[in-house]
Amino acid sequence: GSSSSPAPVSSAAAPASVAPAASSSVTPAPAATAPASAAAAASGATSATTLKVALVAPSAVNDLAFTQSMVEALNSIKARYNLQVAISDNQFVVSTAANVIRSYASQGYNLVIAHGSQYGSTLQQLAPQFPNVSFAWGTAGSTFNQPNIFAYQANSNEGGYVQGAMAAMLSTSKVLGVIGPIAVGDAKLYVDGFCAGAKSVDPTISCIPVYTGSFSDVSLFATAAKTFVSNKADVLTGTAQAVVGAIGVARADNLPWFGTQWTQVSLAPHNVVSSQIYNWAPILEQIITEIRGGKLGGATYTVTLGNGGETIQFNSGFNLPANVKAKADELIKGITDGLVNVPQ
Amino acid sequence: MLGWLAIPSALLGALVLGAVMMLALGANPLTGYRALLVGAFGGSYALGSTAFQAAPLLLVGVGICIAFRANVFNIGGEGQIAMGGLAGAATALAFPELPSVVLIPLVLLAGTAGGAIWGAIPGFFKAQYNVNEILSTIMLNLVAVQVMNYLLAGPMVDHSQASVGGLIPETQLLSRNAWLPILVPGTQLHLGVLIAVLVAIAAYLLLWRTTFGFRLRAVGLSRDASAYAGMPVKRTIVWAVTLSGAACGLAGSILVFGSISHRMVTDGSLTGFTGSAGFNGIVVALFGGLNPLWTIVSAFLFGGLIVGGSALQVATGVPSDLVTALSGIVVVLVVSLEYLRRRARSQSTALAAFGGANPPTLRRGEPPPAAAVGGDGA
Amino acid sequence: MNAQATAPGGALDNPGVPILEMRGITKRFPGVVANDHVDFDVRAGEVHTLFGENGAGKSTLMRVLYGLYHPDEGEIWIGGQRVTIHSPAAAIHHGIGMIHQHFMLVDTLTVAENVALGTRSARGPLTGLDVVSARIRQLSEAYGLRVDPQAFVWQLSVGERQRVEIIKALYRDVAVLVLDEPTAVLTPQEVEDLFTVLRRMARNGRALVFISHKVREVLELSDRITVLRNGRVVGTLPAAKATRARLVEMMVGHQVATEEPPPRGTTGEPTLLVRDLHVRSDRGTEAVRGVSFDVRAGELVGIAGVAGNGQRELAEAIAGLRTPVAGSITVGGIELGGRGPAAARAAGLGYVPEERMRDGVVTEFSVADNLLLVDYRSRAYARFGFLRRGAIRRHCQELVDAFNVKTPSLETPARNLSGGNIQKLIMARELSAHPRVLLVAQPTRGIDVSASLYIHQRLIAQREDGTAILIISEDLDEIMTLSDRILVMYEGTIIGAADPRTTSREEIGMMMAGVHPGTPSAATQPSAVAGASPI
Amino acid sequence: MSQFFTAAVLTSTVAAGIALATPFLLAALGETLGQRSGVINLGVDGIMLLAAFATYYVALRTDDVLLAILAGMGTGLLMGVVTAAVSVTLKAEQGISGIGVYLFGLGFSDLLFQKLVGTPLPITTPPQVGIPLLDQIPVLGGMFFDQSPLVYLAFLLVPVVAFVLNHTTYGLKIRAAGENPAAADSLGVSVARIRWSTVLLGCTFAGLAGASLLLYDGIFQVNLTQSEGFIAVALVYFGAWRPSGVMAGSLLYGLVGAIILTWKSLGIIPLSGSDLAATAPAVITVLALLFVARRFRQPAALGKPYEREA
Ligand SMILES: Nc1ncnc2c1ncn2[C@@H]1O[C@H](COP(=O)(O)OP(=O)(O)OP(=O)(O)O)[C@@H](O)[C@H]1O
Ligand SMILES: Nc1ncnc2c1ncn2[C@@H]1O[C@H](COP(=O)(O)OP(=O)(O)OP(=O)(O)O)[C@@H](O)[C@H]1O
Ligand SMILES: [Mg+2]
Ligand SMILES: [Mg+2]
């Protein structure tokens, strides 16, 4: 998902630049993941008060994608940070989700995470009504200039670029199947990055993304994948929690699949080449530290390959040609070091 | 006499089955139902949310009552709601500057008109070409969802998103002047709720106190006899479905301008916008004995069920789909018990009740048309 | 096998004793005891008639016999054996057949399919209609029942449907056949044909139970007659000992004056004018072909004819329910042709329809609502589009009293009223609008003698008030007694006119059969001449 | 456009269309049986959902597709018992009770899905089975004779149902019960028994439809059917209560759907316009109905519970 703020927010342009330093947004120091979080842990431990955190997510907690990435992150830190976590998943109906978010806010939760860009317009309305509650909204580049909204996003175009390059090298038909939900936020970034990466290897390759119009409709994704296959595509990728549909097709036709948001190996052990994985833990740690420090929002965080918030996980179950693996490693390093500039 | 008990006992039966389901899913029914009750009716905020959910249900329910009395089974509520929402939103986008006193009535009327048109089509087809309404309304739902997705992703989309490279199919934040004012601060109880209740009362008077209502019910019970009596049968049918659609359209408008986000958003499905009000409204109307006044009561009941549903989910981890399943069971039980009630009643023919304030029963006053569905024609 | 040769279910072996006995049958309905310890029996080879008012319990008794109702008390004995009949299937198994008051045929199926329905097929799971059709032809041969097995029922005339019902019974080789008001919809000729068949069936040793409200028929056909009143048996007597007066007295419990033809009234201006009218039937065939006539104020014209000769279409056209292909209809000088029922009523037409349950009332509506079905918008009932409930109650109570409609209350659903009372309700509604022209179709079909008498008196009174009345009826006696002038319809045209005082039943019967009247009396009827100059 | 009219694309499109038409066809055939006997079942969509989940769950746990399909049919049969009890024995208003069954199916199937499964792991769908020789026919072979077994079954059922309705005593009873139950009753035909049987059969078909829908993609999700059950009911009217007509309607739906998909992927219709294009089948159906409704009559007793007293 991504922002949908009516008023163009300057920080919304954040993802444009990739190097952490250049980012207008507050991003954890490169080494943040290990020591910094330890520090945060310390501060968390010292604060006796448990923090009440609510997560409202559009799909199932175990969707192997968008929602699960956040759930896992929460679980990984809640002990250390003394969090009391409540989760409402499958809130794909925006109006219902709005009510859920609102009732969490009114029930004295300290942090309400609205995990889905479609919730943005709701937060924009609710945040002012609950000034003492901190809201986190992702994936989005905008806080609506609200003092109690944190925004978080993912530069999924980076992993997309790497995987696109690999896909181009694996494809013999030179037709790639790329499926997205709606041309928005990390989905759009991933899809664009993927095609850019593919073209960087083979400018002539066909990489026409199809957007199904739905984050949740599994069968639409399956149908889109089927249609791609019937039109000669021999490598598939997709983003959103509905990809399981497409993965089914990849598995049935035994085609390589590239995942994003979370690992999807379990869905097709021999077809998933690699997955770009979001790790929101560092960001959550920062947000919680901020809240304990009395700051309820106003910052935008971004996970990148560079800051360890994104990692490419290779699937041992797929025997990847050495040259492809090498190319991938080279790109990852390049992007991390800011040498390779991933276009938007 | 069972008549009295038919509906309460249906509810009871549903709750028992619900408890069984919760047990089966390893949740404690008592915890679940307590959470549901508190979530729905515990405190002013909860009550406000319940009313908030009840408003669209009530309007759709009223629409169902009207159509049903004319022997038309309108299951196109979903589409009519969407069309109402779109019409309302478009109006607000077109005249954002108008003052509230003008703009609010205007957007509500626009929504009503939108739904009315979407209802008039199947009405006309049924009256003129004898096209079964179940089918045409369902088809129009399928058309409506696509039209909605198209408009919200294209012509009506919030262009300011472009700046952040996104295109969520939703309108921009709609003019503040069109927002339905909150009646009780700190709750979600907005003007729409009041309007819905007034509409229900008006519908009751229309059906049982006016010549138009008399004609509508006569046509519903016997097209032949009505035609013989010189009534304009076809026109009456078209009107009935149009009014039904109008009520649904108004619900759509209220959904938009009473919403928290004050935008119209789609996730690609009708449910995403309507929250299935188009179908739940049928349940509500049925539970209200197809009588607008009792429908008010049942709308708040089911509104509470929906609100409490999410509370139940948080408390027990049982998905709020349980509520949908339960309302389904309620419907089945009501219509089933209705037969036993009819039998019980015919034991004393004197009880051929008419109008009046007899307790809620499915067939209040004269029964609604026997085969609204079997209806006439293909 | 050949029907004549057949002796069904051991019926003939002992003609004297009853092959079927009903003992002490009691059937209660909420509020009513429909049958009160009724004893009834039939002997092989006889026609035993059940006679009685509407609601006397005739149909109920037979429905009990046929397993449609379960008696609260009583026994049924067949061939000396006690049996319990809990379903029509069981009844059929015991050799009982029933022809219901309202036909039990599936319009969309063929004759053969209707006959085969529910019987064991010679072709196992397949219908084997060829076998059935062959058998049907045999039977129609043997009994002179002309029907085409391949024809669809919806294509058949009323008389033909009646024959199909009988063939259904013969096909099942019933020993006992019940006929509940089989003649209500038939014409003299068809009744004669029917009786011939029934007599032949009796000769073959079948036992027949006959129900009718028409005394003439009862006396003509029956061997024995049992009279019911309020669910009780008043008495059983051999037809030889029965007279019209006696039967009617037993039926109602007191003397009833026999109906005298009313004196001819003074007629005024022609009020209903029909000119060269052409109307299509539902099947698109031209059912009314160039009919012209008029009815004067204070005149009562009767249209006689065999069912299906265009009377229904004519009535519907006049009432505005059917758009004429050509021609003109005017009421009080206002042209109505194709302008719909509302226009017709506005012009001053009142209409008592043939299908009283379908067109005449909204069966689920209360008596009161049915009374304002037509005038619901009039000053008397409504102001500014709102119903005046008080005024409505008062008004309706007056009407119910004035036409002594027997109903528990104004709120009783019309469904629970008997045909007779429903007819009175409709008359009350139509007459209360003070029509200039009153169109009445089948005024007393299926309605008992006393109720019929009452309705006839009302019609005469209305004529005296100067209303132009057109009666369409297949009951020739009715037409003969009421009409000032009779028009006979045949194949969509008015084949002739007659003066009931100077014309015999037989002459009119001839015309109904399509024989052109040679008598000048008919030819010179001024207003019966086709294409008379329009006004 | 030109890239659409290539043998390969046309073949895959038509093949997909036929596959897409199958769930409609199965459900609509079942509904036809019920409606010809006078029972209208609006719960089809809910029944399909429950059956689809049952199929999915069994396949997921056992990896036995045949068993899964049987589970789907079993679920359909079970819901048939409910539907028949309510519509026939308890003489409920059929339209409303149908909506009830639908809501129950909608809610309960997702309830079970979320509690028992959660992640929609795709199951292995049954492979296409080419019909020897026939599938060798150029183009046509690929279109018609290289499908999943359920597809063949569905289309085979069309003539079977037609024959049963028109040439067997059972069919005769069904038609009589749907047109004039009183007449059937008076001839000793048990209307209730006939209607029970058609409803049970019809719902079993609906279960099979749910299974075939599920097996098309091999994944379950909330509201998987997206009103396909309701459309199936519509197609019965569209087909004027004749199996052949019902088949025509189903194919219309399947093919138009497939064509739109292909055009989308070929970029023939812009993504923005694709939503509007997707309304085509619905619009066509309604328009077709203007014609059908005037030419054909529905069973006279459709939707009317039979009570002897009446
Ligand atoms: N289905 C029913 N429910 C309730 N009461 C009934 C029913 N059928 C008949 N009755 C009652 O039983 C009485 C006898 O009815 P029945 O039809 O046997 O009279 P009938 O002699 O056939 O009348 P008709 O000459 O008009 O046919 C009626 O007065 C009526 O009140
Ligand atoms: N469902 C019912 N409930 C109550 N009474 C009924 C019902 N059905 C029939 N009756 C009673 O049965 C009696 C006879 O019914 P029936 O239909 O035979 O009337 P009818 O006078 O014979 O009319 P027709 O002969 O023209 O059909 C009526 O008096 C009516 O009160
Ligand atoms: Mg009778
Ligand atoms: Mg009678």
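Side chains included, hydrogens not; waters and symmetry mates left out as well; all remaining heavy atoms used. Here is the naming used below: chain letters follow the sequence lines, and residue numbers restart at 1 for every chain.
A search for salt bridge (charged side-chain N to carboxylate O under 4.0 Å, His left out) contacts involving C:E354 returns C:R312, C:R445, not counting sequence neighbours. Partners of D:T22 according to the side-chain contact (heavy atoms from CB on, under 4.5 Å) rule, which considers only residues two or more places apart in sequence or in another chain, are D:L26, D:V151, D:A154, D:F155, D:S212.
Between chain C and the residues D:S186, D:G171, D:G188, the most heavy-atom pairs under 4.5 angstrom are made by D:S186. Comparing C:L117, C:T119, C:L129, C:L109 by how many heavy-atom pairs each has under 4.5 Å with chain D, the most go to C:L117. Listed options C:K168, C:R120, C:H93 were ranked by heavy-atom pairs under 4.5 angstrom with chain D; first place goes to C:K168.
Between C:R172 and D:L187 there is a side-chain heavy-atom pair separated by less than 4.5 Å. Residues C:E113 and D:R175 are in side-chain contact: their nearest non-hydrogen atoms beyond the backbone lie under 4.5 Å apart.
For residues 166-203 of chain D, the ring pair (Phe, Tyr, Trp, His ring centres under 6.0 Å) pairs, not counting sequence neighbours, are D:F163-D:H167.
Within a 6.0 Å radius of CZ in C:R358, more than 12 heavy atoms belonging to other residues, nucleotides or ligands are found.
Pairing each heavy atom of C:T127 with each of D:T169, the nearest pair is CG2-N, 3.7 Å.
Using non-hydrogen atoms only and a strict 4.5 Å limit, the part of residues 176-185 of chain D facing chain C consists of D:A176, D:E179, D:N180, D:A182, D:A183, D:A184, D:D185.
Only the backbone of C:L105 has a heavy atom closer than 4.5 Å to any heavy atom of chain D. The contact between C:N114 and chain D is made entirely by backbone atoms, counting heavy-atom distances below 4.5 Å.
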